[in-house]
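Below is one structure; the comments refer to it alone.
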There are 2 protein chains.
Amino acid sequence: MSKELQIFHEFLQKKGLKLTKPREIILEEVFHTNKHFNVDELYDQIRRKYENVSRATVYRTIPLLIEANLIKNALRCAAKDHYEHIYGSSNHFHLVCKKCGKIIEEDLKEVEEVLQKYAKLHNFKIEEFNIGANGYCSDCRKDN
Amino acid sequence: MSKELQIFHEFLQKKGLKLTKPREIILEEVFHTNKHFNVDELYDQIRRKYENVSRATVYRTIPLLIEANLIKNALRCAAKDHYEHIYGSSNHFHLVCKKCGKIIEEDLKEVEEVLQKYAKLHNFKIEEFNIGANGYCSDCRKDN
DNA sequence: GTCACTGCAAAAAATTTGCAGGCGT
DNA sequence: ACGCCTGCAAATTTTTTGCAGTGAC
C-alpha cells in the first residue's frame, strides 16, 4: 500500500467515508504522473486502463483529494479562467492584498537571479516564470 | 486616451482589426480594478454600467488583450481546473518542462527570503505565495 | 445490514460558433 | 464601400446532480 493511499485511507476513515476501488484507481493515476492535469486528462488516462470509473466520480473525488492535502491546484497553471491586467512593466512581481485587492509591485531582478541560479544547476532553460504573493497590505493589517 | 487604450489601438491596427466601442468598454473595465477577474465577474461589472456588451464579445476580446500583452492569466490563481499532486515537502518551487512534463523541485528558502525582504519594505504580510517556472529540461533542450 | 458510493443520464453552467445586420476605417 | 465586429441564439463543452442499484465496513 503506497504512502499516498495510506494517507487517503486515513483521511476517509476520519470522515466516515469509504475507500472504494474507483477512489483507489483515481489516486493511483494522480500519482502516476508528474504533470499537471485536469479532469479530462485524468479521466482519459484512467479510461485507457480501466473500464468503470465515471467522469462524475472523478469530479467527486478531486475535492476529497484536495481536502486530504494530496493534490492542490496547480502552481503555474495557465489559469484558464482568471486574468489580471498587466501593470507597468513586467519586470515586477506582485504582492496582492487579499482584503482590498491592492497590488504592490516590486522589482523582480533579485528573485529572478535566484531562480536562474537553480535552473542552471539542472541545465534547465526557463522560458517563463511567475512569482506572486497574497497577504495583507499595511492598511488592511490594522483591521485584522 | 489612456495609455492602455493606446497600446490596444496600435495592436489592433497592426493586425488590421478595429477599435470598437465594446472593446473599449472591456478594456476600460479590465483596468478599472486591480483584482483578478474571470469572464463572469468582468461581464457583470460591465453590465452594471452599460447595456450592450454581450458575453460572447467578452469571450472574444480576452484573447486579443492577452495577445496585446495587456492582460495575462492570473499569477496566483486557484487554477480551477488544473491540479498537481503534492510531492515531497512543500518547501520547493518547481521547474516544469513544457515538453516532457518533468518537474524538478528546488529549494525555496533563498527565493522566499528575497520575497519576504520586499514584503517587509511595504509592511506587507505574506500569507501564501507561489513561484514556478516553465521551460525545457536538459533532456528536452537537445531536441529543440 | 447500513449507509455511503457508483454509474448513468439528465440538468445546469460555461464557452464557442454561425449568422444577419451594424459600424469603424 | 469593405470587411471586421456585434449581439443573439443555438451548439458544444464542462461540471453538477438525482436516482436506483452496489459494495465497503
Side-chain angles (χ1 to χ4, degrees), chain A residues 1 5-30 36-68 71 73-74 77-83, chain B residues 1 5-30 36-68 71 73-74 77-83:
Chain A
M1 185 140 141
L5 189 53
Q6 231 172 330
I7 293 171
F8 195 35
H9 194 180
E10 257 173 57
F11 166 81
L12 290 170
Q13 280 192 324
K14 215 175 297 177
K15 299 203 58 157
L17 305 179
K18 290 163 187 172
L19 180 60
T20 60
K21 200 71 195 162
R23 286 178 178 164
E24 237 180 272
I25 290 169
I26 292 166
L27 181 68
E28 181 185 331
E29 284 312 311
V30 162
H36 296 174
F37 60 90
N38 60 28
V39 173
D40 233 44
E41 290 158 358
L42 181 55
Y43 178 71
D44 283 351
Q45 195 181 319
I46 289 170
R47 266 333 198 52
R48 252 176 271 127
K49 305 190 186 172
Y50 308 93
E51 303 274 279
N52 290 319
V53 178
S54 75
R55 260 201 169 73
T57 300
V58 176
Y59 275 111
R60 285 188 277 228
T61 302
I62 282 180
L64 294 175
L65 291 172
I66 291 177
E67 204 187 333
I71 68 173
N73 288 311
C77 60
K80 215 182 89 206
D81 57 358
H82 278 79
Y83 309 93
Chain B
M1 183 139 143
L5 189 53
Q6 234 172 328
I7 293 172
F8 195 34
H9 194 180
E10 258 173 56
F11 166 81
L12 290 170
Q13 280 192 322
K14 213 174 297 175
K15 298 204 59 158
L17 305 179
K18 290 163 187 172
L19 180 60
T20 60
K21 200 71 195 160
R23 286 178 178 166
E24 237 181 272
I25 290 168
I26 291 166
L27 180 69
E28 181 184 331
E29 284 311 310
V30 162
H36 297 174
F37 60 91
N38 60 27
V39 173
D40 233 44
E41 289 157 359
L42 181 55
Y43 178 71
D44 283 351
Q45 194 180 318
I46 289 169
R47 268 329 198 56
R48 252 177 270 128
K49 305 190 185 172
Y50 308 92
E51 304 273 279
N52 290 319
V53 178
S54 75
R55 261 202 169 73
T57 300
V58 176
Y59 276 111
R60 285 188 277 227
T61 302
I62 281 181
L64 294 175
L65 291 172
I66 291 177
E67 203 186 334
I71 67 172
N73 288 312
C77 61
K80 215 183 89 207
D81 57 358
H82 279 78
Y83 309 93

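Just so we're on the same page: letters track the sequence lines, and every chain starts at 1.
Summarising the geometry, the separation between OH on A:Tyr43 and C1' on D:dT16 is reported as 15 Å, rounded to the nearest angstrom. Atom pair A:Ile62:CD1 and D:dT16:P shows a separation of 9 Å (rounding to whole Å applied). Between the CG atom of B:Leu42 and the P atom of C:dT15 there is a distance of 12 Å, rounded to whole Å. The nearest whole Å value for the distance from the CG atom in A:Leu64 to the C1' atom in C:dA4 is 12 Å. Nucleotide D:dT15 holds its C1' atom 15 Å from the CG atom of B:Asn38, rounded to whole Å. What separates CG of A:Asn52 from P of C:dC8 is a distance of 7 Å, to the nearest Å. Taking atom CG of residue B:Leu12 and atom P of nucleotide D:dG3, one finds them 19 Å apart after rounding to whole Å. Atom CD in A:Glu41 sits roughly 16 Å away from atom P in D:dT13 (whole-Å rounding).
Residues forming a side-chain contact (heavy atoms from CB on, under 4.5 Å) with A:Lys15 (at least two apart in sequence, or on another chain): A:Phe11, A:Leu17, A:Glu67. By the side chain to side chain donor-acceptor pair (under 3.5 Å) test, B:Glu24 is found to be paired with no residue, residues two or more places apart in sequence or in another chain being considered.
Under the side-chain contact (heavy atoms from CB on, under 4.5 Å) test applied with A:Ile71, the options A:Thr61, A:Ile62, A:Leu64 reduce to a single match, A:Ile62.
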Given protein heavy atoms under 4.0 Å, the one-letter contact record of nucleotides 16-25 of chain C, with B base, S sugar-phosphate only and - none, is simply BBB-----BS
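The line from CZ of A:Arg47 to CG of A:Asp40 is 12.0 Å long, rounded to the nearest 0.5 Å.
The residue among B:Asp40 and A:Thr57 whose nearest nucleotide of DNA chain C lies closer to the 5′ end is A:Thr57.
Of the possible donor and acceptor atoms, none in the side chain of B:Arg55 sits under 3.5 Å from a partner among the backbone N and O of B:Tyr43. The backbone N or O of A:Ile7 lies less than 3.5 Å from no partner atom in the side chain of A:Glu10, so there is not a single donor-acceptor pair.
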